[in-house]
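First the structure, in the form of C-alpha cells, and then the observations on it.
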Number of protein chains: 2
Amino acid sequence: MALKIRKNRAKNPPPTCAVGTCMQVLGKAWTPNVIWYLSAGPRRFGELRHDMPQISAKMLSERLRDLESKGVVERCVVPSSPPSAEYGLTELGLELMPAIEAIVAVGKRLKERMGQAAEAA
Amino acid sequence: MALKIRKNRAKNPPPTCAVGTCMQVLGKAWTPNVIWYLSAGPRRFGELRHDMPQISAKMLSERLRDLESKGVVERCVVPSSPPSAEYGLTELGLELMPAIEAIVAVGKRLKERMGQAAEAA
DNA sequence: CAGGATCCAATTCGATACTG
DNA sequence: CAGTATCGAATTGGATCCTG
C-alpha cells in the first residue's frame with residue numbers, strides 16, 4: 001500500500017490569553033530559577049551553577065542564551081585577568097520579577113501545604 | 001546603551017526558592033490558561049474548549065485530570081438532566097491565582113512591549 | 001573555570017479515531 | 001456533547017566529551 005504521509009501538524013504557537021506570551025519566556029526548565037538568582041544582582045556562570053547545584057552546564061548556558069536572545073538577560077564581559085563574563089537582568093528582565101516572586105511565594109505555600117519533596121536551589 | 005553599569009554582584013544570593021514546586025503545577029502547556037478560565041467560576045468541559053479554541057480535547061481532559069489529581073481542580077457532577085460535570089478551582093487552586101495573575105499581567109506588558117503575535121482574551 | 005557540540009532516553013502534545 | 005485511546009513527530013533535558 002501507498003506510503004502514508006502524515007499531514008503536517010499545526011503546531012500552533014502558544015495559546016490564548018496573555019499567559020502564553022509570558023510562559024514562552026518562563027516556561028522552560030530552570031528559567032525562573034535563573035532569573036530569580038539574577039534578581040539580586042549580576043552573577044557569573046559558576047556562581048549560578050553553585051546556586052543551582054542540579055543544573056547541568058549545558059542547561060545553564062542554553063537558558064542563558066535563550067534569555068539573552070529574548071532580551072531578558074544581558075551578558076557583559078568583565079575586564080579582569082582572566083576576563084570573565086557576568087550575567088544580569090535587563091529592564092525587561094526586571095519586569096518579570098513580579099511574576100517570579102508570585103511563583104516563588106506560591107511555591108513556598110505549596111511546599112508547606114503538601115509537605116513534599118525536597119528541592120535543591 | 002553601552003555597557004551596563006556593573007554593580008557589585010550579589011553577595012547574598014536569594015535563599016532557596018520554591019520555583020520548582022510551583023512550576024510542577026503550572027509548567028505544562030495550557031495549565032495556566034485552564035486555571036485562569038476557571039478562576040471566574042466553575043465551568044464545563046465544552047465551555048473551556050470554547051474559551052481556548054486551540055486546545056485539543058485530549059489536552060484539556062489531560063490537564064483537567066492532572067490538576068484534579070494535584071488537588072487544584074475539582075470535578076463535580078451537577079444533577080441535571082442529563083447530569084453534567086463542572087470543573088472548579090479548589091482552595092488550593094485559588095492559592096495559585098496570585099501567580100497566574102502576575103503571569104497574565106506580565107504577559108500583557110510583554111505583548112505591548114514586543115508588539116508581537118496576536119492572542120485573544 | 002566557562003561553555004560549546006553530540007548523542008540519546010524520556011516526555012510532550014497534536015491529530016485522528018472511537019465510545020457512551 | 002463529554003471524554004478516552006492510540007500513534008508518532010517534535011521537543012526536552014541529562015550525560016558525556018571537547019575546547020580555550
Side-chain angles (χ1 to χ4, degrees), chain A residues 1 3-16 19-20 23-34 37-38 42-69 73-88 119-121, chain B residues 9 19-20 23-34 37-38 42-70 73-88:
Chain A
M1 63 179 179
L3 189 54
K4 180 167 179 184
I5 311 277
R6 277 235 159 263
K7 194 72 199 272
N8 57 323
R9 29 209 30 264
K11 194 227 174 210
N12 310 322
T16 38
V19 287
M23 294 310 276
Q24 245 171 319
V25 177
L26 300 185
K28 296 183 167 193
W30 296 104
T31 304
N33 302 70
V34 170
Y37 283 110
L38 288 179
R43 238 162 146 60
R44 285 175 306 166
F45 194 87
E47 289 176 315
L48 288 170
R49 285 205 75 177
H50 182 260
D51 292 336
M52 300 169 282
Q54 318 273 4
I55 201 176
S56 71
K58 176 196 166 187
M59 254 299 104
L60 180 52
S61 83
E62 204 168 282
R63 282 303 92 98
L64 285 170
R65 270 179 297 136
D66 284 355
L67 291 173
E68 207 188 334
S69 81
V73 158
E74 194 172 40
R75 174 200 163 110
C76 12
V77 174
V78 182
S80 61
S81 47
S84 73
E86 281 184 354
Y87 299 89
E119 191 195 5
Chain B
R9 279 176 297 113
V19 171
M23 294 313 274
Q24 238 166 293
V25 178
L26 300 186
K28 297 179 164 194
W30 295 104
T31 304
N33 297 276
V34 170
Y37 284 112
L38 287 178
R43 232 154 153 64
R44 285 174 307 171
F45 193 89
E47 289 175 316
L48 288 169
R49 286 206 73 178
H50 182 260
D51 292 336
M52 300 169 281
Q54 317 271 2
I55 201 177
S56 72
K58 176 195 167 186
M59 254 300 106
L60 180 52
S61 83
E62 205 169 280
R63 283 303 93 97
L64 285 170
R65 272 180 295 136
D66 285 355
L67 292 173
E68 207 187 336
S69 81
K70 284 172 179 151
V73 157
E74 194 173 41
R75 176 201 162 108
C76 13
V77 174
V78 180
S80 60
S81 47
S84 74
E86 279 185 352
Y87 299 89

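Scope of the values below: all heavy atoms of this structure, side chains included, with no hydrogens, waters or symmetry mates. Every value quoted in this text rests on a predicted model; they were computed, and no experiment measured them. Proteins get letters first, then strands, A, B, ... in listed order; numbering begins at 1 in each.
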Nearest heavy atoms of [X] and [Y], plus distance in Å:
{"X": "Leu60(B)", "Y": "Phe45(B)", "value": "CD2-O, 3.7 Å"}
{"X": "Arg49(A)", "Y": "Ile55(A)", "value": "NH2-O, 3.4 Å"}
{"X": "Arg44(B)", "Y": "Ser84(B)", "value": "CD-OG, 3.7 Å"}
{"X": "Ala29(A)", "Y": "Met59(A)", "value": "O-SD, 4.4 Å"}
{"X": "Tyr37(B)", "Y": "Arg43(B)", "value": "O-CD, 3.6 Å"}
{"X": "Met23(B)", "Y": "Leu26(A)", "value": "CE-O, 3.6 Å"}

In sequence, state the C-alpha distance, the side-chain angles, and the governing distance for Leu38(A) and Leu48(A), and then conclude on side chain to side chain contact (heavy atoms under 4.5 Å, CB included).
CA-CA 8 Å; Leu38(A) 288 179; Leu48(A) 288 170; 4.0 Å; yes
Evaluate the side-chain proximity of [Y] to [X]: yes if any heavy-atom separation is below 4.5 Å, no if none is.
{"X": "Glu62(B)", "Y": "Trp30(B)", "result": "no"}
{"X": "Thr31(B)", "Y": "Val19(A)", "result": "no"}
{"X": "Leu67(B)", "Y": "Val34(B)", "result": "yes"}

Whole angstroms only, please: what is the [atom1]-[atom2] distance between [X] and [N]?
{"X": "Trp30(B)", "N": "dG14(C)", "atom1": "CH2", "atom2": "C1'", "result": "11 Å"}
{"X": "Met23(A)", "N": "dC13(C)", "atom1": "CE", "atom2": "P", "result": "11 Å"}
{"X": "Leu60(B)", "N": "dG14(C)", "atom1": "CG", "atom2": "P", "result": "11 Å"}
{"X": "His50(B)", "N": "dA2(D)", "atom1": "NE2", "atom2": "C1'", "result": "16 Å"}
{"X": "Met59(B)", "N": "dA10(D)", "atom1": "CE", "atom2": "C1'", "result": "13 Å"}
{"X": "Lys28(B)", "N": "dG14(C)", "atom1": "NZ", "atom2": "P", "result": "13 Å"}
{"X": "Glu86(B)", "N": "dC1(D)", "atom1": "CD", "atom2": "P", "result": "16 Å"}
{"X": "Ile55(A)", "N": "dT16(D)", "atom1": "CD1", "atom2": "C1'", "result": "17 Å"}

With 3.5 Å as the limit, what N/O pairs link the protein to nucleotides 17-20 of chain D?
none

Can you name the side chain to side chain donor-acceptor pair (under 3.5 Å) partners of Arg75(B), sequence neighbours left out?
Tyr87(B)
So, using side chain to side chain donor-acceptor pair (under 3.5 Å) as the criterion, who are the partners of Glu47(A) when residues are at least two apart?
Arg9(B)
Atom pair CZ/NZ of Arg63(A) and Lys28(A) - distance to nearest 0.5 Å
5.0 Å
If we fit an axis to the first five pairs and another to the last five of the helix from dC1(C)-dG20(D) to dG20(C)-dC1(D), what angle do they make, to the nearest 10°?
30°
Let me have a per-nucleotide readout for nucleotides 2-9 of chain C, 5' to 3', with B, S or -, counting only protein heavy atoms under 4.0 Å.
SSS-BB--
Show each protein N/O and nucleotides 18-20 of chain C N/O combination with a separation under 3.5 Å, one pair to a line.
none

